[in-house]
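Note that the coordinates shown come from a computational prediction; the quantities given were computed from them, not determined experimentally. If you read the sequence from its start, that first residue is 1, and numbering goes on from there. Numbering of ligands and ligand atoms starts at 1, following listing order.
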Amino acid sequence: MGIRIEERKGLFSLETAHTLYQMKADETGVLQHIWYGPRTDTDMSYRIRTVNRGFCGNPYEMQDRPDYSLDTLPQEYSGSGAGDYRSSALEAENHDGSMSVDWRYAGYRLLKGKVKPERLPGLRGNEETDGLEITLEDKANGLTVYLTYWLFDRYDVIVRSARIENRGSKGIILRKAATLCVDFPYGQQDVIHFHGRHAMERIPERTGIPTGGRLAFESCRGMSSHQSNPFIILCDPNTTERSGMCYGFMLMYSGNHLEEVSRDQTGSTRVVCGIHPEKFSWKLEPGDSFQTPEAILSCSMEGLNILSRNYHRVIRDEVISPRWRKARKPVLVNSWEACYFDFNADKLLELARSAADLGMEMLVLDDGWFGCRNDDTTSLGDWFCNEGKLGCSLKELAERIHSQGLKFGLWLEPEMISPDSDLYRAHPDWALTDPGRKPMVSRHQLVLDMGRQEVRDYLYDNISTILKEARIEYIKWDFNRSMANVYSRALPEDRQGEAAHRFMLGTYSLLERLTNTFPDVMIEGCSGGGGRFDAGMLYYCPQIWCSDNTDAVERLEIQKGTSYGYPACTMGSHVSASPNHQTGRTIPLETRGIVAQAGTFGYELDPAKLTEAERKTVKSQIADFHRYEELIAWGDYYRLDESESDFTSWMFVSPDRSKALLSIVATHVRANGPFPFVRLQGLDPEKTYRREDTGEHMTGAALMHGGISFPQFTGDYPAIQVCFSAAAD
Ligand code: GLA
């Protein structure tokens with residue numbers, strides 16, 4: 001394992017436990033992407049064939065080699081306007097208006113000890129993490145790109161990023177600066193992407209790639225978005241959850257992003273991922289550089305479940321803050337669906353009392369406690385307690401909640417400003433709006449210019465005052481609109497293309513500062529539910545509210561889609577009231593509990609409104625959750641659904657494979673229907689497991705190959721949860 005360099009051949013091999021990533025600087029200095037896949041101990045460049053394909057020009061120095069074209073060779077970081085007509089990784093406007101970028105290899109450096117990309121979140125690693133930096137330059141304009149690769153070998157993960165520097169003597173404008181480009185010269189592939197909408201996020205869709213065409217998965221909303229998650233999977237057409245080649249590309253970024261997947265005239269597939277180039281530009285004066293976000297790449301030869309497992313493990317170990325990595329998450333009750341804007345301290349205390357009685361551990365006070373906010377039309381930015389409404393200070397409220405034995409959490413939406421707020425009246429120029437144009441409003445709010453230090457200082461001072469005054473253990477950090485009119489009053493005209501990315505850098509820097517000062521306050525990310533569910537936010541927020549849709553049947557799809565890239569311990573999931581507030585559907589409390597237990601468990605209802613029987617169920621749900629929480633947070637997760645079925649099923653297996661928790665929820669019950677049947681995964685075939693509900697003993701091999709069936713389902717959305725424990729050897 002590790003990084004092998006054969007200088008004579010110009011060959012760079014990055015090896016993880018099961019994969020090999022290879023590049024080669026050829027005789028022209030072009031850095032070719034040679035291979036990404038299983039380990040082979042071979043120089044894989046034997047696969048690269050060249051032929052004169054016609055209308056594929058040749059670099060000047062190769063004019064006598066009509067078969068040698070940038071348009072047909074696999075590229076490690078494609079330039080633009082210089083003969084590669086596929087998607088470019090970088091586009092620039094040179095000082096003289098010319099727009100070509102043509103890279104040549106200029107050297108490499110071995111790195112030891114992971115460092116985070118400047119001003120951005122990044123995988124953590126340690127002083128032993130191995131890395132490689134390859135330098136490419138364009139001698140004509142002085143642009144230089146440093147491609148960085150970090151190896152997280154035991155997860156089969158490689159982390160890539162690029163830093164672009166202007167080493168010339170004149171200014172250059174970047175029009176596109178992607179994090180990565182990877183070419184796959186052979187074979188037809190599918191792409192899986194995760195689309196959605198508010199209250200229905202991360203729905204997987206699998207599609208072929210049209211030859212000669214280009215697919216774009218993207219967000220230009222100033223956020224990673226409900227509509228398109230910055231994560232895609234490329235896989236063989238026959239890849240399933242249990243078998244087959246697949247590759248993941250996950251951008252660690254929370255703003256505008258673009259994942260391009262194209263298939264060229266020769267059947268070669270290219271993936272380019274990075275910050276979205278639309279409305280983006282970045283001015284590089286001589287000596288300036290631009291750092292792209294990191295991307296997390298992984299490859300599995302054993303199907304999608306193992307690819308997901310690689311991401312789950314690396315996110316838990318290397319993205320989530322060490323402070324929260326192993327921490328127990330309190331079972332919380334959130335005030336939003338319990339009372340929306342309609343509360344005072346007494347009502348909250350009542351909520352806390354009945355929640356504590358049932359075993360809940362934290363009360364989160366959601367929107368409506370600040371400024372004069374009684375609906376969503378005012379006060380964002382005025383982060384001062386509305387004591388008139390509450391009937392006491394935040395400090396007193398926190399004390400009263402704590403005296404019930406509960407922790408206390410608070411909702412904030414720091415990056416926003418209501419036009420009807422004292423903050424806006426004092427600083428209208430702090431909002432992102434175009435000069436001379438009425439701004440687009442959404443939920444009656446505008447977006448703050450987080451790129452400005454004075455804006456961040458204001459928020460830091462306000463939030464730290466709140467956190468110092470009252471005992472608060474948790475913040476729900478929301479972001480409730482898409483951005484538009486992204487114009488910063490603090491940037492010159494020729495730098496407005498930087499505003500959206502500067503916004504993201506500003507948000508990250510505020511989060512960094514607050515988490516450093518208040519390391520014990522856990523921040524849960526949120527954006528109208530899961531509109532900013534990405535690895536960038538997870539660096540600061542160990543969990544993210546998965547969706548504003550709390551309907552357990554809908555959540556099956558949302559949580560399953562989310563699980564392709566992100567571990568269960570990051571998914572905020574709550575039991576809410578029935579009929580459900582978003583869909584009006586009635587679902588048994590037991591089923592709602594089982595679905596919410598596949599994440600960071602909590603409640604989003606008024607416990608005082610529960611019947612005696614429901615209170616009993618809630619108590620046992622919480623007790624069950626405590627029994628399984630380590631398994632859920634730390635176990636390996638497997639999606640078990642096979643082909644079209646009338647139920648959704650998944651399981652967690654402990655790292656030592658001694659315990660497993662199987663959950664099945666019926667989404668369609670049929671008269672005289674088939675028996676629900678699943679084949680388990682991830683168990684030790686040699687071990688004997690005891691099924692805890694029936695006491696039966698079965699080998700791991702039988703459970704995984706022969707599977708297990710259950711009696712036919714009846715009723716509305718019934719669910720089964722079964723725990724298996726390995727019998728002592
Ligand atoms: C967003 C969140 C909800 C709730 C509301 C409050 O929609 O996703 O959970 O906090 O804001 O306004």
Determine, step by step, whether T562 and R202 satisfy the side-chain hydrogen bond (donor to acceptor under 3.5 Å, both in side chains) criterion, reporting the C-alpha distance in whole Å, the side-chain angles of both residues, the deciding distance to 0.1 Å, and the verdict. CA-CA 6 Å; T562 306; R202 290 170 297 288; 2.8 Å; yes
C526 heavy atoms, cut-off 4.0 Å: which ligand 1 atoms fall inside? 2 (C), 8 (O)
Which residues satisfy the ring pair (Phe, Tyr, Trp, His ring centres under 6.0 Å) test with H193, sequence neighbours excluded? H195, F217
Is the closest heavy atom of R443 to ligand 1 under 4.0 Å? yes
Close-contact set for ligand 1 against G528 heavy atoms, below 4.0 Å: 1 (C), 7 (O), 8 (O)
Tell me, please, whether Y458 has R452 positioned over its six-membered ring: NZ or CZ under 6.0 Å from the ring centre and within 45 degrees of its axis? no
For salt bridge (charged side-chain N to carboxylate O under 4.0 Å, His left out), just list the numbers for R373 and D367, CA-CA rounded to whole Å, side-chain angles, deciding distance to a tenth of an Å, and then say yes or no. CA-CA 8 Å; R373 189 145 161 117; D367 198 353; 2.8 Å; yes
Closest to atom 2 (C) of ligand 1 among protein heavy atoms sits D478 OD2, 3.1 Å
Taking distance alone, with N or O pairs closer than 3.5 Å, would you say S527 contacts ligand 1? no
Closer than 3.5 angstrom, by distance alone: can the side chain of H444 be matched with the main-chain N or O of D375 as a donor-acceptor pair? no
Decide whether a cation-pi geometry holds between R555 and W545; the criteria are a distance under 6.0 Å from NZ or CZ to the six-membered ring centre and an angle within 45° of the ring axis. yes
Heteroatom proximity flag, G529 to ligand 1, N/O under 3.5 Å: yes
Closest approach of any protein heavy atom to atom 4 (C) of ligand 1, naming residue and atom: D366 OD1, 3.4 Å
Closest approach of G635 to R316 (non-hydrogen atoms, all atoms of both residues): O-NH1, 3.0 Å
Hey, does E604 sit under 4.0 Å from ligand 1 if you only count heavy atoms? no
Validate the cation-pi geometry between R592 and Y603: distance from NZ or CZ to the six-membered ring centre under 6.0 Å, angle to the ring axis within 45°. no
Atom 8 (O) of ligand 1 - nearest protein heavy atom and its distance: D548 OD1, 2.4 Å
Hey, which atoms in ligand 1 end up nearer than 4.0 Å to a heavy atom of D367? 6 (C), 12 (O)
Ranked by distance from atom 9 (O) of ligand 1, the top protein heavy atom is K476 NZ, 2.7 Å
Under a 4.0 Å heavy-atom limit, does N480 contact ligand 1 with its side chain, its backbone, both, or neither? side chain
